[in-house]
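Everything numeric in this text was worked out from a predicted model, so none of it was measured. Residues take their numbers from the sequence shown, with the count starting at 1.
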Amino acid sequence: RLTRRTRSSRRGRGLDRIRTVKAAAKTGGEILRLFNRKRQLKLRPILLLIDVSGSMKSHTEIALRFAHVLLSLPTRVEVFSLGTELTHITPALKLRAQTQAFTRVSELINDFDGGTNLGQTLNTLLSNPRYSGFARGALIISISDGLEVGKSDALLEAARKLHSLAFAH
């Protein structure tokens, strides 16, 4: 995304007045060259939500491998596991060795191959100000089959709240 900040550039759209005046001061006030500025690009943060319930058992390892690769990107990436409870697994996945990272993740997640309560776990994410801040303006990727036990009203409401916080183009 484009930020409001600018940086020096050969082919910018705006005039870099400070550099132009400084260069003119060195030549006795003569403006010999106009310097330009352009807006900087900044990568959006990524929030990855991985369903680790029993119905997603065959896809969990692939999703964790994907998360491990995403953490090497030059942007902020936060990863959570969803099931019957919410678990923040970003610190464990930051280990370079994939086997060590997966071992640490398996120690953190208590509800592997368990049930699903996506509505409640997403509401837990949204009710914690620290975690909901990760979603603000971020690209949100959810790896889930959407299988909800019981009524899906809580899941629908949580998905709406998450959508309102996320980057929507």
For the CD1 atom of Ile143 and the NE2 atom of His59, what is their distance to the nearest 0.5 Å?
10.5 Å
Using side-chain heavy atoms (C-beta onward) and a distance below 4.5 Å, is Phe112 in contact with Ser106?
yes
Report the hydrophobic cluster partners of Leu147, with the cluster defined as I, L, V, M, F, W, Y residues connected by side-chain heavy atoms closer than 4.5 angstrom, directly or transitively.
none
Rounded to the nearest 0.5 Å, how far apart are CG of Leu48 and CD1 of Ile89?
7.5 Å
How long is the gap from OG1 on Thr84 to CD on Gln120, to the nearest 0.5 Å?
8.5 Å
Give a yes or no on whether Ile141 and Leu73 share a hydrophobic cluster (residues Ile, Leu, Val, Met, Phe, Trp, Tyr; joining criterion: side-chain heavy atoms under 4.5 Å apart).
yes
Between Ser55 and Ser53, is any side-chain donor less than 3.5 angstrom from a side-chain acceptor?
yes
Indicate every side-chain donor-acceptor pair of residues 92-104 with a distance under 3.5 Å to a residue at least two apart or in another chain.
from	atom 1	to	atom 2	distance (Å)
Gln98	OE1	Arg65	NH1	2.5
Thr103	OG1	Thr99	O	2.8
Arg104	NH1	Glu107	OE1	3.3

Kindly give the heavy-atom pair with the smallest separation between Pro45 and Gly137, and that separation in Å.
CD-O, 4.2 Å
Expected output: side-chain Asn36 to main-chain Arg10 donor-acceptor under 3.5 Å:
yes
My understanding is that only residues two or more places apart in sequence, or in another chain, count here; which of them pass side chain to side chain contact (heavy atoms under 4.5 Å, CB included) with Leu34?
Leu15, Thr20, Ile31
Any chance CZ of Arg17 has more than 12 other-residue heavy atoms, nucleotides or ligands included, within less than 6.0 Å?
no
Closest approach of Gly119 and Ala158, non-hydrogen atoms and distance?
O-CB, 4.1 Å
Hey, are the side chains of Asp111 and Ile109 touching, using non-hydrogen atoms and a 4.5 Å cut-off?
yes
Asp16: salt bridge (Lys or Arg N to Asp or Glu O under 4.0 Å) partners, not counting sequence neighbours
Arg37
Restricting to non-hydrogen atoms, name the atom on Leu43 and the atom on Thr75 that form the minimum distance, rounded to 0.1 Å.
O-OG1, 3.5 Å
Given Lys38 and Arg7, is the side-chain contact (heavy atoms from CB on, under 4.5 Å) satisfied, shown in steps?
CA-CA 6 Å; Lys38 73 175 183 178; Arg7 64 180 176 90; 3.2 Å; yes
The remaining residues in the hydrophobic cluster of Leu82, counting side-chain heavy-atom contacts under 4.5 Å among Ile, Leu, Val, Met, Phe, Trp and Tyr, are Leu47, Leu49, Phe80, Leu86, Leu118, Leu122, Leu125, Leu126, Tyr131, Phe134, Ile140, Leu155, Leu162, Leu165
Just do the side-chain contact (heavy atoms from CB on, under 4.5 Å) check on Met56 and Thr116 with the steps written out, would you?
CA-CA 10 Å; Met56 290 290 293; Thr116 309; over 6 Å; no
With rounding to the nearest 0.5 angstrom, report the CG to CD distance, Leu156 to Glu148.
10.5 Å
Under the side-chain contact (heavy atoms from CB on, under 4.5 Å) rule, what do Val79 and Leu70 come out as? Steps first, then yes or no, please.
CA-CA 9 Å; Val79 184; Leu70 273 183; over 6 Å; no
Partners passing salt bridge (Lys or Arg N to Asp or Glu O under 4.0 Å) against Glu78 (at least two apart in sequence or in another chain):
Arg76
Thr3 side chain to Gln40 backbone, donor-acceptor under 3.5 Å
yes
